[in-house]
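Start at 1 and go down the list; that is how both ligands and their atoms are numbered.
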Amino acid sequence: MYETSFNSRSVLYNLEPIGLGTGLVESLSSYLIRVAYEHNILVGDLFNKMIFPQMNKNYLVRSSTYGGNRFYEGSKTINGFMENAIELSRIMEGLTSRDDLYNLTLYKLKDFIPLRNLLNDSLVWCPDCISIWEKNEKVIYYPLIWHLKPVRICKEHNRFLIDRCPVCNRTIDILRREMIPGCCPNCSSTLSNDINQRLNLVEMDWEIFVYENLEDLIKINPNKIDTQRFKYSFLIKLNLINEEYFENNVASFSRYLNTPKSTLRYWLNGQNFPCLDNILRICFKLNKKILDFLLESQELNGNIFQINDKQVINNKKKHTRKPLNYDVIKKKLIELSTTETPISMNYAAKIIGRDRRVLYRNFPELCKGISKRYNDYVKEMSERRIMRLEEQIMQAFNELTNEGIYPSRRKIEKRLGMNGVLREKVLQDYWKVLLRQSGFEEKKRRKYNIDESK
Ligand SMILES: [Zn+2]
Ligand SMILES: [Zn+2]
């Protein structure tokens with residue numbers, strides 16, 4: 001059916017990834033296996049002849065030509081968000097003339113979720129899904145969500161995923177030189193073989209919570225939701241809960257979360273950030289979906305001691321309004337003006353339990369101080385963000401120029417995988433400076449034969 005001859009100059013078919021924009025979007029490693037399969041070549045050939053030469057990492061070529069395994073051994077991170085995932089999706093985009101392959105990685109979550117304990121070391125799959133695709137002659141692939149360590153079920157089939165081939169009882173590497181979608185590379189049997197692992201009711205709540213929350217995260221459209229703020233927002237909320245529900249008693253909050261006190265303290269002051277599994281456990285315990293938790297306004301609506309907490313800590317004490325205690329509030333305000341992560345006056349007022357205007361009236365200097373500190377912090381964070389983006393823009397700009405491509409807005413945005421990023425005035429100005437510095441005047445533009453509409 002397909003042309004079998006293959007040389008390094010040929011370009012790959014524009015193969016569409018499965019499930020784009022859904023929670024079952026294909027993983028990059030699966031896409032690579034399928035591309036090789038559709039071209040009737042080995043995964044190893046795809047890498048040796050087309051991908052490695054572009055990776056500009058000679059040791060990889062050497063390692064794979066001489067039978068080394070370095071690249072394949074590290075392959076689980078292909079679906080993550082580190083340099084190799086970004087580089088590989090970019091190279092494959094070039095080879096297949098697509099611009100959406102970064103969606104097959106966790107690229108958009110890179111500012112939020114730490115890499116540790118994030119990805120499975122070997123393939124994990126649902127035999128029922130594969131069996132049904134086989135029967136209906138659908139494309140067999142491995143969704144990105146199967147690669148996430150906390151995900152243990154297939155929601156569709158209400159069962160556990162499996163990580164060992166039931167025939168040879170071995171685990172399956174994420175990527176190998178020889179691999180066929182839906183087949184065990186060790187014994188060549190189909191991965192639709194079933195070992196019965198249905199869910200029991202006790203585990204179900206938690207497993208489904210995990211699945212649905214990660215589905216939400218995978219589906220995020222980074223052009224609509226600013227994931228760079230997630231980490232900060234998580235931190236703020238955690239602190240807010242500590243204040244509101246535990247009156248800053250880290251010991252009782254840590255008992256509630258079933259987390260060591262010292263660990264929780266690191267999370268609260270931002271020295272450390274919980275891994276994906278812990279983020280999920282916290283949200284489960286708080287009975288909040290991750291996205292709601294992150295995107296909700298500063299209000300903490302609902303009672304966190306409901307549903308998911310079986311050992312219910314007694315109902316939250318009713319807050320009775322005490323008379324304005326000048327000294328206590330002053331002490332608290334002084335404390336809040338030196339928090340590890342600066343906080344806003346809105347937030348400070350919430351913690352103290354007094355109207356912001358009342359506080360401003362009675363303690364103008366302290367309040368202004370807190371507010372200024374917070375504004376400076378927000379400004380610094382946003383400046384840092386701009387600097388980071390400028391760096392990326394410059395890199396893309398230089399790469400394009402070196403390749404003889406005019407570094408238009410669209411081309412740069414496409415290379416960065418960030419649609420519309422250059423619409424932001426500061427960044428657009430920066431791009432114009434780069435253009436000017438590189439002497440892209442009208443004549444040069446013509447030389448590059450620019451067509452901005454492309
Ligand atoms: Zn399934
Ligand atoms: Zn097997």
Side-chain angles (χ1 to χ4, degrees), residues 16-34 36-37 42-44 69 72-73 75-76 78-79 103-106 118-219 276-277 280:
E16 174 149 6
I18 313 287
L20 276 174
T22 74
L24 281 172
V25 63
E26 182 165 24
S27 61
L28 185 59
S29 58
S30 165
Y31 186 74
L32 289 160
I33 297 166
R34 280 205 311 120
Y37 179 70
L42 299 179
V43 174
N69 240 341
Y72 298 95
E73 275 162 12
S75 61
K76 73 166 179 174
I78 282 176
N79 301 314
N103 288 311
L104 314 189
T105 67
L106 297 172
L118 179 58
L119 294 157
N120 289 320
D121 295 315
S122 63
L123 195 68
V124 167
W125 67 96
C126 167
D128 290 354
C129 280
I130 291 183
S131 164
I132 282 174
W133 295 332
E134 264 180 3
K135 261 182 225 142
N136 299 333
E137 295 185 346
K138 290 240 175 82
V139 178
I140 294 172
Y141 77 108
Y142 309 128
L144 182 57
I145 201 163
W146 288 356
H147 291 276
L148 299 178
K149 216 170 224 173
V151 171
R152 303 202 305 148
I153 60 159
C154 170
K155 212 180 105 194
E156 172 79 22
H157 295 112
N158 203 18
R159 58 160 299 144
F160 280 110
L161 302 173
I162 60 175
D163 62 356
R164 258 166 213 283
C165 166
V167 178
C168 67
N169 199 29
R170 290 172 66 186
T171 58
I172 295 178
D173 296 336
I174 304 286
L175 205 61
R176 278 236 204 142
R177 285 196 193 77
E178 293 186 44
M179 242 179 158
I180 290 171
C183 280
C184 170
N186 305 310
C187 71
S188 299
S189 54
T190 163
L191 296 182
S192 62
N193 285 311
D194 199 5
I195 36 174
N196 239 345
Q197 292 205 5
R198 304 286 148 188
L199 287 175
N200 68 44
L201 279 167
V202 184
E203 293 156 316
M204 201 122 90
D205 280 353
W206 161 246
E207 302 294 352
I208 287 177
F209 177 85
V210 170
Y211 190 94
E212 287 180 342
N213 273 276
L214 295 184
E215 207 178 17
D216 285 350
L217 287 183
I218 282 177
K219 278 198 289 200
L276 182 57
D277 197 53
L280 287 160

Minimum side-chain heavy-atom gap [X]-[Y] below 4.5 Å:
X    : Y    : value
R34  : I18  : yes
N193 : P127 : no
C165 : S189 : yes

When you draw lines from the Zn ion (ligand 1) to SG of C126 and to SG of C154, what angle lies between them, to the nearest 10°? 120°

Quick check on E134: does its CD atom have over 12 non-hydrogen neighbours (other residues, nucleotides or ligands) under 6.0 Å away? yes

SG (C184) to the Zn ion (ligand 2) to SG (C187): angle, nearest 10 degrees? 110°

With the Zn ion (ligand 2) at the centre, find the angle made by SG from C168 and SG from C165, to 10°. 110°

For the Zn ion (ligand 1), give me the closest N/O/S atom belonging to H157, just the atom name. ND1

